[in-house]
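A short worksheet on the structure shown next.
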Amino acid sequence: MIELGVNIDHVATVRQARRTYEPDPVIAAALAEQGGADGITFHLREDRRHIQERDVEVLMQTVTVKTNLEIACTDEVVAIACRVKPTWALLVPESREEVTTEGGLNVVGDKGRIRDAIEKLKGEGILTSLFIDPDLEQVQASADLGVDAVELHTGPYALARGAAQTQELRRLIASGERTSELGMRLHAGHGLNYANVRPVAAIPNMIELNIGHSIISRAVMVGMRDAVAEMRRILDLVA
Ligand code: PXP
């Protein structure tokens, strides 16, 4: 059975729009667990645009399934990961201007920095995963660093249509095959939604998918009617 990691960053994004206390990603994580999440993913970005350090601290105390802390390869967040000890640390590239993580890590070209981060994390008993494009050289470079998993970037697959999408799926399948041959766990994520997830879940040896945007979007929609009805009831009790 494919494991489902639910990324709750967007819940914190809505909260930060008002710099207030709701919606709380900690409560969202508990509800995601009730819905069947096998893991909770949260990205502590350098610019703290959504998840805050306090969220990380509280999530580490309250999440009962696996925790997957997404971080860049910087001393600051690697030190935080080493202190809070999530089940997994997922290393990603990060730039301030991006709306979301844009591409995979360049493991081939940036081995030294990534190796330093991995050694520190492994030293604390944290499982390590690298977010990479579905590229055989990046898969090999990841294996050379001794990581436990790679997460293949499914963003281009999600954006492509028709024959181009089939081609992107083939790249994912080829990189997935090499990943498991090299003894690493196969994860994937980015841009997956209710319509496009099945072929990715069916990739041989796929173990875990990490999904955020589409689940949070669906949660807003399926919750809208009840949320309005609740406010309606309060107003109906006045006067
Ligand atoms: N994996 C990684 C490395 C990500 O950065 C993200 C987005 O935060 C996801 C998976 C989930 O992507 P989406 O929100 O598009 O489902």
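Predicted model only: the values in this text are computed from it and were never measured. Order of appearance sets the numbers: ligands from 1, and atoms from 1 within every ligand.
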Response to the item:
Note: ligand 1 atoms sitting under 4.0 Å from heavy atoms of I211 are 16 (O)
Item to complete: Before signing off on this row, confirm whether H43 and ligand 1 have an N or O atom pair separated by under 3.5 Å.
Response: no
Worksheet item: For ligand 1, which atoms, with element, lie under 4.0 Å from some heavy atom of G191?
Response: 12 (O), 13 (P), 15 (O), 16 (O)
Fill in: Closest to atom 16 (O) of ligand 1 among S217, G212, S214 (heavy-atom distance)
G212
Response to the item:
Across all chains, not counting sequence neighbours, the salt bridge (Lys or Arg N to Asp or Glu O under 4.0 Å) partners of K122 are none
Item to complete: Provide the number and element of each atom of ligand 1 under 4.0 Å from a heavy atom of F131.
Response: 3 (C)
Practice prompt. Identify the residue among Q165, R171, R170 that makes a side chain to side chain donor-acceptor pair (under 3.5 Å) with Q167.
Written response: R170
Practice prompt. Would you please indicate if the ring centroids of H10 and H50 are separated by under 6.0 Å?
Written response: no
Worksheet item: For ligand 1, is there an N or O atom under 3.5 Å from any N or O atom of E151?
Response: yes
Fill in: Non-neighbouring partners of A79 that pass side chain to side chain contact (heavy atoms under 4.5 Å, CB included), sequence neighbours left out
none
Practice prompt. Under 4.0 Å from a heavy atom of V92: give me the atoms of ligand 1 that qualify, with their elements.
Written response: 3 (C)
Response to the item:
Separation between CG (D133) and CG (L136), nearest 0.5 Å, reads 12.0 Å
Discussion item. So is E70 touching ligand 1 or not, going by heavy atoms under 4.0 Å?
Written reply: yes
Worksheet item: Is it the case that H43 and E70 place a side-chain donor and acceptor less than 3.5 Å from each other?
Response: yes
Worksheet entry | T64-E33 side chain donor-acceptor pair, cut-off 3.5 Å | yes
Worksheet item: Does L192 reach ligand 1 with a nitrogen or oxygen that is under 3.5 Å from one of the ligand's nitrogen or oxygen atoms?
Response: no
